2 protein chains.
Amino acid sequence: MTDDRRAAGTPTLEDVARAAGVSRATVSRVINGVRNVDPVIQEAVRQAVSVTGYTPNRAARSLVTRRADAVALVVSGAGIEPEAAPEASGNGSEAGTSGDGNSFTAQVFADPFFGRVVTGVVNYLRPRGMHPVLMFAESSRAREEVVAYLRQGSADGALVVSTHAEDPLPALLAEAGLAAVLFARPARPVPVSYVDLAHQDGARLAAEHLLGRGCRRTATISGPLDVPAGQARLTGFRDTMARHGHPYIPVAEGQFTQESGEAAMERLLAEHPDLDGVFAANDLMALGACHVLREHGRSVPGDVAVVGFDDSSAALACRPPLTTVRQPVEGMAAEMTRLLLDRLARPDGPVTSVIFEPELVVRGSA
Amino acid sequence: MTDDRRAAGTPTLEDVARAAGVSRATVSRVINGVRNVDPVIQEAVRQAVSVTGYTPNRAARSLVTRRADAVALVVSGAGIEPEAAPEASGNGSEAGTSGDGNSFTAQVFADPFFGRVVTGVVNYLRPRGMHPVLMFAESSRAREEVVAYLRQGSADGALVVSTHAEDPLPALLAEAGLAAVLFARPARPVPVSYVDLAHQDGARLAAEHLLGRGCRRTATISGPLDVPAGQARLTGFRDTMARHGHPYIPVAEGQFTQESGEAAMERLLAEHPDLDGVFAANDLMALGACHVLREHGRSVPGDVAVVGFDDSSAALACRPPLTTVRQPVEGMAAEMTRLLLDRLARPDGPVTSVIFEPELVVRGSA
DNA sequence: CTGAAAGCGCTAACAC
DNA sequence: GTGTTAGCGCTTTCAG
C-alpha cells in the first residue's frame, strides 16, 4: 500500500540499506544481531525493514554461511535392496494401505511412537527457528538420496530413527562425515551419538509388577529379536523372572505391530492355556493380545494380567487401559535433537550417548 | 583415495570443469540435462563428476533459480492467540502428553489421519526429488513463521491441513501471494485450490447401511460442528435418515478424539438406552463408542451396530473391526501435492478443487 | 555446440 | 562504528 515498493519483486538488503541511508553491511549486522551498531541506526534500520517488508533470502545466506538451518528427520528401514516391497501387515483394502504401492511410510505412522518422535523433535527445533525435513530411507536408493541431500547442504545434519536392525544408514552417514544422531543404539557399533532407553530396566519393572500381583505363569510377546530394543526387553524380562525362580518363560516373537501381537497371543494361548500374565514388548502388541484374550474368554486383568511397553496412545485406546512401561519418547527425541545441534556447533565434540530411564505406569490391565 | 581431491572441501562445478577440461557452463548443462551438448563431452563430464564426487550445492542453485525444491507441509490449528495452551485431552501422566508443554503436535499425530496425509505427500514428492518440511501453525506467531519461511524462499509452496475451522492461515498465504493448496475446503472462501471428500455422500452411505441392516433407532456422534467436514457428515446423515422416515436423530457432538467419542456415547446412551445403531463421524470416536457400549453391556453389532468414518488404522484396532466410510486420504494428499506442483510450474493457472468420493467398507461392527 | 562473464542476495574480512 | 569489497557456487544470457 505504501507505494514504496520498487518495480523489483521481493525487497533485498540493498533496498533496506537505501531506505535507511546506510550500507548493506550495517543492515546485515542489525538483522543478525551483531553488536557494535549505533542504537539510533539500529532503529532506523528496523524501520526500513518493516517499511520495505524485507525478508532475508535463505539461499543467499546459506551460500555464504554454509548452513541450511534445517535438519533431516529420517525414518530408516530395513536393508531391503532393490525396490522390494515391505511385507508384513496384509495388503489390499486394509486400512491405511490403500492405493500407494509403498506402504513403508504408512506402516511407520501406524505406530503412535513415530508421531511422538516428531513431536519431540519439532518442539525442540521450533524455538530455534528450525524445521525438520521428513525423509524415508527404506531402500538403498533412498539412503543414497538422504546422503546426497545432506551433501548438497540442504540440511545440516540428520536425526535418524531406524525401524530395523542392520540399518546401513548410520554407517553411510558416518563415512561421509555427515552430522547425525540416532534414536536407539545401532545394532553394530558406529561412531555416532545416540539416545536410548534402558530397555532392560523397563522389562524388569514389568516383570516385578507381574510377580508382585501374584502371576506365576507368565509369558512374553517379544519384539523382533534382531532389533536391539526387542532383544534387550526380552533379556531383561527373562533375567528378572529367572532371578525370582522362573527360569523358563514362554516367548512368542512379534514385530511391534498389533497384528503380530494378536498372532503371538494366539500361539501362546494354544501352548499355554493356563497362563496368567503377559508382558508385550510394546503397547500395540499388548493391545492385540488383549483382544485375543477376550476372544478366548479370558478377562483382563482378572484371568490374565497384561503389561505393555511405551505408554503410547494405544495404551489408553485399550480397555482396560494398559499398565505399561513408559518410554519418554518426546524427551528422548528432544535430547537427540539437542545432541545434533550441539554437534553442528562443535563438529569436533565427542560422540556421546544418553540413556533414559523407563517408568512403570499402572493402569487397569495389570 | 584417488588423490584427485584438492585441498578444498567439497568439490565445486569449477573442479569438475577442470577435471573434464571444459567450462563450468558446460558442466552445468550436462548436470541439468540441457540438450545440445556433444555426447563425447557429456561422457567426459559424467566421468569427472564421479571422479570428483561432485554434488551440486543447493543454496547456490536456489539463489539463481529462485526455487527451493522443497515444500512445506503445514498442520494448521485453531486461532488460539497468544501462547494459549490447547485444552482437551487430560494432562499429567497421560500417554503421549508427557513433558512437552505444547501438546498440539502430540494431538495431531494421535489421529492416524495425519500419518496418512504424510504418506500421500511423501509418496508423490519423493519420485520428484523433493521432500516436505514439517511445520505446525497453531498460534498466530507460528503462522507468521510459516509465512516468513515461504517468503524467505525456504520452500516453494505450502500444503496445509487445517485441524480447525476459521483457520486464518489460508487467507494469510493467499494475501501474501504464496503458493498453497489445502486439504479440505476452508470454512470461509479463500482463493486457494483444495482437495476434499464428498462428506455428505459418505454419511449417506453410512445411513443407508444402517437402515439396510434394519436399525430403527439410530443416533450419531458428530464431529465438531464448526468444521465443515463435521457439519457435512452430520447433514448428510440426517438428510438421508429423514428421507427414509426418520426425521429426528439424536446427536452428540464430539471432537474427533477417542475420548470425546466415549463421552458422547455415554450421553447418547443415557438419553436413548434403546438405540440400535450409531454413526460416528470418525473411527477414533467410533472406537470410543464401542468401548462404552461394551461397558454398558451392549454387544456390537448384536445390540448396537456402529459405523465409523475414515477407515483409519483405528478401524482395524477395534474389535469387532469397524464398518466404516473410507476416505482415500493418501490419494487425496497426493493429489493435493500434485496441485501444488502444478501451480508452481504455472503460477497463473486456475484455482481448482478436486472432490473425492468415499466408499463404504463393511467389516464386523455393522 | 561451447566458453566468457555477469550476477542471484548475502556475509565477513578488511579498511577507514 | 560503519562502509567497501570480495566472493559463496551456480545458472544463464550472449558471443563466437
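Chain letters run A, B, ... following the sequence lines, proteins first, then strands; residues in each count from 1. Everything numeric here is computed off the predicted structure, so don't read it as measured data.
The aromatic rings of A:Phe109 and B:Phe109 sit parallel to each other, their planes meeting at less than 30°, with 60° as the upper class boundary.
Rounded to whole angstrom, the span from the CZ atom of B:Arg67 across to the C1' atom of D:dT12 amounts to 17 Å. B:Asn32 places its CG atom 11 Å from the C1' atom of D:dT12, with the value rounded to the nearest Å. Remark: C1' of C:dG3 and CZ of B:Arg18 are 16 Å apart, rounded to the nearest angstrom. A straight line from CG of B:Asp69 to P of D:dT11 spans 11 Å, rounded to a whole angstrom. Taking atom CG of A:Leu13 as the reference point, atom C1' of D:dT5 lies 15 Å away to the nearest angstrom. If you take CZ of A:Arg61 and C1' of D:dG9, they are 18 Å apart, rounded to a whole angstrom. A straight line from CZ of B:Arg29 to C1' of D:dG9 spans 16 Å, rounded to a whole angstrom. Going from atom CG of B:Leu63 over to atom P of D:dT11 covers 11 Å, rounded to whole Å.
Residue B:Thr26 places at least one side-chain N or O closer than 4.0 Å to OP1 or OP2 of C:dG3. Distances shown here put every side-chain N or O of B:Ser28 at or beyond 4.0 Å from the OP1 or OP2 atom of D:dC10. One finds no side-chain N or O of A:Asn57 lying less than 4.0 angstrom from the OP1 or OP2 phosphate oxygen of C:dC8.
Between the side chain of B:Gln42 and the backbone N or O of B:Val37 there is at least one donor-acceptor pair closer than 3.5 Å. Counting only distance, with no hydrogens or angles, the side chain of A:Ser162 and the backbone of A:His164 share no donor-acceptor pair below 3.5 Å.
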Show, in sequence, the C-alpha distance, side-chain angles and deciding distance for A:Arg338 and A:Glu335, and conclude whether the salt bridge (Lys or Arg N to Asp or Glu O under 4.0 Å) test is met. CA-CA 5 Å; A:Arg338 192 183 70 72; A:Glu335 175 66 14; 2.8 Å; yes
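Annotation: A:Arg188, atom CZ; neighbour count of heavy atoms from other residues, nucleotides and ligands within 6.0 Å does not exceed 12.
Ranking C:dA6, C:dG3, C:dC8 by closeness to the B:Arg24 side chain, first place goes to C:dA6. Closest approach to the B:Arg66 side chain among D:dT4, C:dC8, C:dG3 is made by C:dC8 (side chain taken as heavy atoms from C-beta onward). Closest contact between the side chain of B:Thr12 and the listed nucleotides C:dG3, D:dT12, D:dG9 involves D:dG9.
Nearest heavy-atom pair, B:Gly77 versus B:Thr163, reported as atom, atom and distance to 0.1 Å: CA-OG1, 3.4 Å. Taking each heavy atom of A:Pro132 and A:Val122 in turn, the nearest pair found is CG-CG2, 4.0 Å.
Along DNA chain C, the nucleotide nearest to B:Ala60 and the one nearest to B:Ser23 differ in position, and the one closer to the 5' end is contacted by B:Ser23. Between B:Val64 and B:Val22, the residue whose closest nucleotide on DNA chain C is further toward the 5' end is B:Val22.
Scanning residues 36-48 of chain B for heavy-atom distances under 4.0 Å to DNA chain D yields an empty list.
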